[in-house]
Amino acid sequence: MSIFTDRQQSIAEKIESDVVLSKWRDWRWQMRHSIRDISTFEHLLGVEFEREEREALKETLDKFPLSVTPYYLSLINADDYRNDPVYKQSFPSPSELIIAEHDMADPLAEDTDSPVPGLTHRYPDRVLFHVSNVCSMYCRHCTRKRKVGDMDRIPVREEVKQGLAYIQAHPEVRDVLLSGGDPFMLTDEYLDWILTELRAIPHVEVIRIGTRMPVVLPYRVTDELVAMLKKHHPVWVNTHFNHPVEITASSREALRKLADAGIPLGNQSVLLAGVNDCPRIMKTLVHKLVMNRVRPYYLYQCDLSEGLSHFRTPVGKGIEIVESLIGHTSGFAVPTYVIDAPGGGGKIPVMPNYLISWSTNKVVLRNYEGVITTYKEPDSYEPVFCDRDCERCDLQLKVDSAEDEYRSVGIAELLADQDEVISLVPDSNERISRRNGGDGEADA
Ligand SMILES: *Cc1c(COP(=O)(O)O)cnc(C)c1O
């Protein structure tokens, strides 16, 4: 049902004079004809840059290469390309060479928290597994910008096997998030092999795949790919739409195939200045997503990676967007706004405040309309001292792994009744190290 738009037709004909729709819709044809230099970009889009600008762009490309599929390029409105959200996400800007004061090469410390190459183990029960170093296009706002174009290659089986062995050896890992690069850059056979190996590990409950293919190269989502994924359920897929113009007939078809295969779909947007930093744009986007059975999952504050300063908004912009969504639209259309903590602390949700005040009897809340209301606390609730001895508890937690829940971590540990820890103290706390005779060991 997918159509060849006029823009697609004209771009396709410039690439190959006798091009037919079936070629355009072949993801390998799209990859073969990816645009990797400025002249081709100008030629296909029908625009021309000033000589000075080209010079500045060349310098940018030396550091951060360009690669965009003909399909994604065809979404750009050439008449107003400077303001075009697709152009801004795909075409280099000399601003990328600006390294702002707080920029970092690896702000999320993914390399530091990596026990084996390509695997980041940050949270207790799940890992991020980079199975591909390549993408079908290079997003200008990539958080892994330092690696883009570095090694245009797929990790060999031996490298992937190290990651698989790590997961095998860590029974606490119940959720494996395949990312990259883009895992759908792998052949169906190779991805099938990885998924089969993961499925053979009994403690892996859920497999997730993070891919931008439905947005930048929807033709990659073939019937064969989807039939293969379906064999490995539960498989969840998260994609990365940032602006409503990215939702086209072709991308809708890709999403439909995935959803029809029983794959729950989520979307992770990045808040980008000049692209989607507007409540109306974000509301339109989330509505289009849910119409296509995609649940908005996260809205990311732009990371502190080098060369992204021109894309960053204040955190207040994200809160303003969430404020404009909660209550105003369907609850399942509202993503969680998160800041991925520099240094590897993980994702931290950020929200407008709804809890205004409280006493032992009542809490005072406000809703999305600004109505201030109260909720009366119960008179009869008997606080139970939880000693984490689930065997003796009246609540019926009769699940096999209940005893594994014993240890609480972080703030949950501070809240736990049976735990004696009363504060979490940084390693470098001077007051505590004086107390311990200056050996620097924090021991609260
Ligand atoms: C985002 C992320 C995950 C998954 O986090 P969820 O909140 O469960 O989606 C896991 N590991 C790393 C390193 C991540 O950055």
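Counting begins at 1 with the first residue of the sequence.
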Open item on the list: Tell me whether the count of non-hydrogen atoms from other residues, nucleotides or ligands lying under 6.0 Å of CD in E16 goes above 12.
Closed with: yes
Open item on the list: Tell me whether D80 at atom CG has more than 12 heavy atoms from other residues, nucleotides or ligands lying less than 6.0 Å away.
Closed with: yes
- [ ] Using ring pair (Phe, Tyr, Trp, His ring centres under 6.0 Å) as the criterion, point out the one residue from W29, Y71, F184, Y72 that pairs with Y219.
- [x] Y71
- [ ] Report the C-alpha separation of T211 and D182 in whole Å, then their side-chain angles, then the decisive distance to 0.1 Å, and conclude whether the side chain to side chain donor-acceptor pair (under 3.5 Å) test is met.
- [x] CA-CA 5 Å; T211 173; D182 197 314; 2.8 Å; yes
TODO: Assign the ring pair H121 / H170 to parallel, tilted or perpendicular, where the plane angle (0 to 90°) is split at 30° and 60°.
DONE: perpendicular
Task: Heavy-atom side-chain contact between L285 and S269 under 4.5 Å - done: yes
TODO: Taking all heavy atoms of S90 and all of M137, pick out the closest pair and write down the distance.
DONE: CB-CE, 3.6 Å
Open item on the list: Could you report the tightest heavy-atom contact between P214 and T239, atom names first, then the distance?
Closed with: CD-OG1, 3.6 Å
Task: Side-chain H-bond candidate by donor/acceptor type, T248 with S250, under 3.5 Å - done: no
Task: Salt bridge flag under 4.0 Å for residues D192 and K231 - done: yes
TODO: Could you tell me whether R208 sits above the aromatic face of W236, with NZ or CZ closer than 6.0 angstrom to the six-membered ring centre and within 45 degrees of the axis?
DONE: no
Open item on the list: I'd like to check E306 versus E96 (side-chain heavy atoms, cut-off strictly below 4.5 Å). Are they in contact?
Closed with: no
Open item on the list: Within the 4.5 Å heavy-atom criterion, are Q30 and R25 side-chain neighbours or not?
Closed with: no
Open item on the list: Check this for me, if you would: do E53 and R82 make a salt bridge, where the nitrogen-to-carboxylate-oxygen distance has to be below 4.0 angstrom?
Closed with: yes
Open item on the list: Any heavy-atom pair between the side chains of V290 and R295 that's under 4.5 Å?
Closed with: no
Task: Verdict with reasoning, F129 to I167, per side chain to side chain contact (heavy atoms under 4.5 Å, CB included) - done: CA-CA 10 Å; F129 192 6; I167 295 166; 3.9 Å; yes
Open item on the list: Is it true that E13 and Q9 share a donor-acceptor pair across their side chains at a distance under 3.5 Å?
Closed with: yes
TODO: Kindly give the heavy-atom pair with the smallest separation between I11 and S74, and that separation in Å.
DONE: CD1-CA, 3.5 Å
Open item on the list: Using the ring centroid of each side chain, check whether Y138 and F91 are separated by less than 6.0 Å.
Closed with: no
- [ ] With the side chain counted from C-beta on, respond yes when Y337 and M351 share a heavy-atom pair under 4.5 Å apart, and no when they do not.
- [x] no
Open item on the list: Are L325 and I321 packed together at the side-chain level, in the sense that at least one heavy-atom pair is separated by less than 4.5 angstrom?
Closed with: yes
- [ ] Could you tell me whether R220 and D188 make a salt bridge, using a distance below 4.0 angstrom between a side-chain N and a carboxylate O?
- [x] yes
- [ ] Indicate yes or no: does E323 engage R366 in a salt bridge with an N to O separation below 4.0 Å.
- [x] yes
Open item on the list: Quick check: closest heavy atoms across E172 and P124, and the distance to 0.1 Å?
Closed with: CG-O, 3.3 Å
Task: Under 3.5 Å: donor-acceptor pair, side chain of N292, backbone of K288 - done: yes
- [ ] For E369, look at atom CD and say whether over 12 heavy atoms of other residues, nucleotides or ligands are found less than 6.0 Å away.
- [x] yes
Task: Heavy atoms of other groups near W358 CH2, more than 12 under 6.0 Å - done: no
Open item on the list: I'd like to know if R54 pairs up with E42 as an ion pair, taking the criterion as any Lys NZ or Arg NE/NH1/NH2 lying under 4.0 Å from an Asp or Glu carboxylate oxygen.
Closed with: yes
Task: Minimum heavy-atom distance I38-L66, with the two atoms named - done: N-CD2, 4.2 Å
Open item on the list: Can you confirm whether the side chains of D62 and T60 place a donor and an acceptor under 3.5 Å from each other?
Closed with: no
Open item on the list: Within the 4.5 Å heavy-atom criterion, are H141 and N242 side-chain neighbours or not?
Closed with: yes
Open item on the list: Can you tell whether the side chains of D125 and R174 come within less than 4.0 Å, N to carboxylate O?
Closed with: yes
- [ ] Check each of E246, H240, R140, H243 against Q89 using the side-chain hydrogen bond (donor to acceptor under 3.5 Å, both in side chains) test, and report the only one that passes.
- [x] E246
Open item on the list: I'd like to know if the side chain of D303 reaches the main chain of S305, judged simply by a donor and an acceptor atom lying under 3.5 Å from each other, with no hydrogens or angles considered.
Closed with: no
- [ ] Taking the side chain as every heavy atom from C-beta outward, state whether V364 and T373 have any atom pair closer than 4.5 Å.
- [x] no
Task: Heavy-atom closest pair, residues I98 and D103 - done: O-OD2, 4.0 Å
Open item on the list: Between R126 and E205 (salt bridge meaning N to carboxylate O under 4.0 Å), is one present in this structure?
Closed with: no
